[in-house]
Amino acid sequence: MLRRALTLVAAATLTATTVLTAPAQAVIVNLNFGPLSIGEYCTAKIHPEAWLGLYEASGLRCYTPQGSGLVFRGTGDPYLACKHLTTDVIAGATRIAGDGLSCQAVR
């Protein structure tokens with residue numbers, strides 16, 4: 001009887017341990033950023049006067065508005081911009097409407 005009770009306790013402990021250590025399921029979430037948010041990355045990493053960022057067909061580009069136009073300040077990396085804008089693990093970066101940036105974050 002005692003052996004059977006110990007076997008049941010050992011089995012319950014093993015099951016509880018297995019449940020507690022099971023890995024969580026990751027979820028991909030799209031985080032969208034506009035030109036001013038991308039500009040934060042531009043200011044910090046590309047040029048101190050660039051505060052507007054556009055993810056154009058030719059890539060992520062940083063600008064300073066001046067008068068009625070834009071002064072080009074340099075190019076950036078969309079993936080690194082995502083890493084700068086969020087603490088999430090980034091799986092990818094894509095261009096969205098309005099020259100915005102969509103970061104695929106793993107949560």
Side-chain angles (χ1 to χ4, degrees):
M1 183 71 143
L2 181 59
R3 186 179 347 186
R4 183 175 182 167
L6 290 175
T7 302
L8 289 174
V9 170
T13 303
L14 180 61
T15 302
T17 303
T18 304
V19 170
L20 293 176
T21 60
Q25 294 295 321
V27 176
I28 302 293
V29 178
N30 288 327
L31 305 174
N32 296 333
F33 297 98
L36 293 177
S37 295
I38 300 169
E40 293 176 25
Y41 161 76
C42 290
T43 301
K45 304 294 183 181
I46 306 303
H47 193 281
E49 293 178 18
W51 55 272
L52 183 68
L54 301 173
Y55 192 0
E56 301 170 336
S58 60
L60 195 144
R61 298 170 58 89
C62 300
Y63 298 95
T64 302
Q66 187 174 34
S68 61
L70 298 173
V71 176
F72 175 71
R73 297 296 185 177
T75 60
D77 183 300
Y79 175 81
L80 294 178
C82 287
K83 293 205 45 94
H84 178 81
L85 294 169
T86 181
T87 57
D88 292 303
V89 174
I90 300 300
T94 57
R95 182 178 179 220
I96 58 174
D99 292 332
L101 174 65
S102 181
C103 303
Q104 290 76 46
V106 179
R107 290 191 172 164

How long is the gap from SG on Cys103 to CD1 on Ile28, to the nearest 0.5 Å? 12.0 Å
Measuring only between side-chain heavy atoms, which start at C-beta, is Leu36 closer than 4.5 Å to Phe33? no
Correct closest heavy-atom pair for Glu56 and Arg95 would be C-NE, 3.6 Å
Roughly how far, to the nearest 0.5 Å, is the CG atom of Leu31 from the SG atom of Cys82? 8.0 Å
Ile96 CD1 to Ser102 OG distance, which is reported to the nearest 0.5 Å: 5.5 Å
Residue pairs involving residues 81-91 (criterion side chain to side chain donor-acceptor pair (under 3.5 Å); sequence neighbours excluded): Thr86-Asp88, Asp88-Arg107
Interatomic distance, Tyr63 atom OH to Cys42 atom SG [nearest 0.5 angstrom]: 9.5 Å
Of all heavy-atom pairs linking Ile46 and Arg73, the shortest is CG2-O, 4.0 Å
Shortest non-hydrogen pair, Ser37 vs Leu85, comes out as O-CD2, 3.2 Å
Could you check whether any side-chain heavy atom of Leu70 comes within less than 4.5 Å of a side-chain heavy atom of Leu52, counting everything from C-beta outward? yes
Does the Lys NZ or Arg CZ of Arg61 fall within the cation-pi geometry relative to Tyr55 - under 6.0 Å from the ring centre and within 45° of the axis? no
Donor-acceptor pair, Tyr41 side chain versus Gly53 backbone, under 3.5 Å? no
Exercise: identify the closest heavy-atom pair between Ile38 and Leu101: CD1-CB, 3.7 Å
Value rounded to 0.5 Å, distance of CG in Leu80 from NZ in Lys45: 8.5 Å
Which atom pair, heavy atoms only, marks the closest approach of Ala91 to Val106? CB-CG2, 4.0 Å
Taking the side chain as C-beta and beyond, is there a heavy-atom pair between Gln104 and Thr94 under 4.5 Å? yes
Kindly give the heavy-atom pair with the smallest separation between Phe72 and Thr75, and that separation in Å. CZ-CG2, 3.8 Å
About how many Å separate CG of Leu60 and CG of Leu54, when rounded to the nearest 0.5 Å? 8.0 Å
